[in-house]
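In what follows, a single structure is set out as structure tokens and then discussed.
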Amino acid sequence: MKAQSANTTTPSDESSLQNNFIRQIIAEDVKTNKHGGKVVTRFPPEPNGYLHIGHAKSICLNFGIAAEQAGRQCYLRFDDTNPSKEDLEYVESIKTDVHWLGYDWGERLRHSSDYFEQLHEYAIALIKMGKAYVCSLTPEQIKEYRGTLREPGKNSPDRERSVAENLDLFERMKAGEFAEGTYVLRAKIDMASPNLNMRDPAIYRIKHLPHQMTGDKWCIYPMYDFTHCLSDAIEGISHSLCTLEFEDHRPLYDWVLDTLNTPCHPQQIEFARLSLNYTVMSKRKLQELVENQHVSGWDDPRMPTLSGIRRRGYTPEAIREFCDRIGITRKNTQIEMGVLENCIRTDLEAKTTRVMAVLKPLRVVIENYPADQVEQLDAPYHPTDASMGSRQIPFSRVLYIEQDDFRETPPKKFFRLAPGREVRLRYGYFITCQAVIKDENGEIVELRCSYDPETRGGSTPPDGRKVKGTLHWVSAPHTITAEVRLYDRLFNQADPGADGTDFKAALNPNSMEVLTYCQLEPSLANAQAGERYQFERLGYFCVDNVVSKEGALVFNRIVTLRDSWAKIEKAKG
RNA sequence: UGGGGUAUAGCCAAGUGGUAAGGCAGCGGGUUUUGGUCUCGCCAUCCCAGGUUCGAAUCCUGGUACCCCAGCCA
């Protein structure tokens with residue numbers, strides 16, 4: 001019996017319940033035949049880092065909307081216009097992550113760099129129209145000339161350069177005659193615009209750097225604002241969905257497309273990026289965590305990166321469901337972790353097999369059970385889904401139970417084992433605690449118990465007596481020893497660093513607890529990397545896909561089960 | 001009186017002049033061989049103040065709070 005780890009649904013099987021403002025706009029546009037009735041979207045990551053769950057929101061939106069249309073057209077476009085920041089390494093990880101989420105771009109894989117030739121021609125067209133000029137101001141001067149939020153900028157002395165001279169200079173920029181920073185091509189718009197993006201923005205800069213895709217072919221590279229809108233137009237994108245901070249860029253996006261003769265004029269629509277509490281989402285901060293070794297890498301199971309979340313054991317279905325639940329708006333919000341956790345619990349509840357594992361073992365000897373006897377007890381893999389089958393679990397005189405399931409002096413409402421108290425061992429027998437054995441330090445090392453043979457399989461005995469607690473357990477001579485890693489939130493503050501301190505000061509020192517002597521039932525012997533299980537009464541766990549080996553299994557805790565006892569205890573303090 | 005945005009429950013989010021969906025969290029009940037699951041119930045008059053209207057979360061006026069913008073980054 002294998003735990004289910006494959007994707008069982010694909011996004012096309014689901015229809016999003018979301019009726020967000022973007023879908024409404026698109027539905028209306030389709031009705032009025034606005035972009036020729038076509039809907040074409042794109043997901044345009046810059047290959048300069050790993051994707052995180054915030055990107056998943058955008059991926060699900062763009063690919064999700066496309067999937068709802070007959071054409072199903074969504075491009076995966078690497079926005080690679082800055083060779084000093086980007087790397088091929090990231091391209092592969094991004095493709096892996098998008099695929100893992102369940103989306104397929106088919107033939108529509110592109111790079112902005114695919115368009116460098118066309119972009120260059122558009123730039124020349126702009127120059128010829130007198131709408132762009134080569135500026136020789138230094139970066140510092142450009143900044144001075146730009147003005148401030150309240151004061152208008154002033155024109156560059158090069159603003160009225162002749163078309164012929166601009167053409168010549170631009171050609172020589174391209175030919176590599178000039179050093180970086182000496183010249184820049186600027187759009188000629190309005191230095192007095194209240195929108196700083198319109199104050200003659202740079203559209204081409206010199207970078208004597210090879211590009212990961214085009215090699216040494218270019219030493220001038222187009223800027224985002226020039227590249228993005230034209231790339232959208234070249235691909236025939238109908239709706240260009242981006243995050244809120246690009247709102248101020250929309251007038252420039254439209255200016256470029258209105259000024260130049262392009263195949264079409266895509267519509268930019270902005271939505272709020274995702275923010276999750278108790279974590280950070282910016283590439284810079286995530287990178288800092290990796291570089292300073294606060295985590296083991298980009299795929300550390302505590303990271304909000306898609307590779308980390310995947311390694312942790314989250315399913316793509318749960319992530320898609322999460323993206324559906326949080327909605328799409330223009331409001332800056334912070335989503336509670338609990339929403340994500342509920343999504344994965346709901347998904348895993350239905351599809352994981354149940355097994356028993358004791359994380360912090362406490363030895364139990366059943367004194368009235370024959371020393372040489374071993375029984376095989378039948379235990380279903382799922383409480384309500386019989387199709388998952390069952391397995392045999394051994395029962396013997398010496399067992400392990402969870403340390404937390406025994407209290408020498410039980411508090412009120414504690415339904416588990418205590419001296420003189422009887423509990424059920426799940427699918428096993430009722431046992432009663434007869435004695436507590438301690439070591440020289442007073443630590444409890446063993447429990448002496450008796451069992452009731454009439455309760456085999458955990459069933460209620462003929463006299464009908466009830467017990468309040470059911471414990472999970474394993475037979476000591478038959479266990480597999482494994483390592484289990486328990487994760488908690490990465491940060492202690494809901495919004496790390498929001499109080500003005502370094503976000504790293506909010507790091508949770510207890511975000512990972514490694515348990516190396518966990519005792520698992522023998523059916524887990526052949527557990528494979530990536531497989532997910534519910535350890536009964538504890539949570540959902542996934543065999544780690546990096547460090548786990550046959551004979552030396554390592555499990556990651558994906559998420560705990562809801563725990564109303566923990567809630568009661570916490571409430572009492 | 002620089003420009004651009006956003007305000008509906010603890011957290012998200014529908015609502016588009018006709019009397020506040022849904023989810024998460026929380027609280028209470030039932031079922032239960034996981035203190036799990038499942039199930040039933042409870043939980044808001046919409047940032048503030050005026051106005052228009054038979055009727056306003058939706059329209060108007062005036063405020064307030066918060067977010068984004070001065071890279072040759074994306």
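Each chain gets a letter, A, B and so on, in the order its sequence line appears, and its residues count up from 1.
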| message | Students often get this wrong, so: under 4.0 angstrom with heavy atoms, is A:T329 touching a base, only sugar-phosphate, or nothing? | response | sugar-phosphate

For a quick check of understanding: with a heavy-atom distance under 4.0 Å over all strands, which category does A:H249 fall into, base, sugar-phosphate or nothing? base

From the candidates B:rC73, B:rC24, B:rU33, the one with an atom nearest any side-chain atom of A:N342 is B:rC24

Looking only at B:rG15, B:rC72, B:rU8, the nucleotide nearest the A:N19 side chain is B:rG15

| task | Quick one: label A:G338 by what it contacts on the DNA or RNA (base, sugar-phosphate, nothing), any heavy atom closer than 4.0 Å. | result | sugar-phosphate

Between A:M173 and A:L185 the two heavy atoms that sit nearest each other are CE-N, 4.0 Å

Output for pair (A:L276 CG, A:F322 CZ), nearest 0.5 Å, gives 4.5 Å

Practice problem: Report which part of the nucleic acid A:Y427 touches: base, sugar-phosphate, or nothing (heavy-atom distance under 4.0 Å, all strands). | Solution: base

Is the phosphate of B:rG5, meaning OP1 or OP2, less than 4.0 Å from a side-chain N or O of A:K331?
no

Closest to the side chain of A:Q334, out of B:rC73, B:rU33, B:rC12, is B:rC12

Sugar-phosphate only, base, or nothing, as touched by A:F271 at under 4.0 Å among non-hydrogen atoms:
nothing

Paired to B:rA7 by Watson-Crick or G-U wobble criteria (both distances under 3.5 Å) is B:rU64

* To do: Under 4.0 Å between any heavy atoms, over every strand shown, what does A:R325 touch: base, sugar-phosphate, or nothing? Just pick one.
  => sugar-phosphate

Practice problem: Return yes if a side-chain donor-acceptor contact under 3.5 Å exists between A:D200 and A:Y145, otherwise no. | Solution: no

Do we see a donor-acceptor contact under 3.5 Å between the side chains of A:T279 and A:R489? no

- Message: For the residue pair A:K207 and A:Y221, would you count it as a cation-pi contact if the rule is NZ or CZ under 6.0 angstrom from the ring centre and within 45 degrees of the ring axis?
- Response: no

Could you tell me whether A:Q24 contacts a base, only the sugar-phosphate backbone, or nothing, with contacts defined as non-hydrogen atoms closer than 4.0 Å? base

Assert: residue with more 5' nearest nucleotide on RNA chain B, out of A:I328 and A:N195, is A:N195

Report task. Look at all strands and tell whether A:I326 reaches a base, only sugar-phosphate, or nothing, counting heavy atoms closer than 4.0 Å. Result -> sugar-phosphate

Considering only heavy side-chain atoms of A:N82, the closest of B:rC73, B:rC69, B:rU37 is B:rC73

| query | Do A:E336 side-chain and B:rG10 base share a donor-acceptor contact under 3.5 Å? | reply | yes

Classify the side-chain pair A:H472/A:R354 by whether it contains a donor and acceptor separated by less than 3.5 Å.
no

Partner of B:rG18 under the Watson-Crick or G-U wobble criteria, both distances under 3.5 Å, comes out as B:rC54

Would you mind classifying the nucleic acid contact of A:R330 as base, sugar-phosphate or nothing, using non-hydrogen atoms under 4.0 angstrom?
sugar-phosphate

Relative to its sugar, using the 90° cut-off around 0, the base of B:rG71 is syn

Touch class at under 4.0 angstrom, heavy-atom based, for A:I142 against every strand present
base

request  = Select base, sugar-phosphate, or nothing to describe what A:R199 touches, counting heavy atoms under 4.0 Å on all strands.
outcome  = nothing

(request) Just call it for A:K413: base, sugar-phosphate, or nothing, with non-hydrogen atoms closer than 4.0 Å on any strand. (result) base

inquiry  = What contact category does A:E247 fall into here, base, sugar-phosphate, or nothing, at under 4.0 angstrom with non-hydrogen atoms?
reply    = sugar-phosphate

With a 4.0 Å cut-off on heavy atoms, is A:T333 in touch with a base, just the backbone sugar-phosphate, or nothing at all? sugar-phosphate

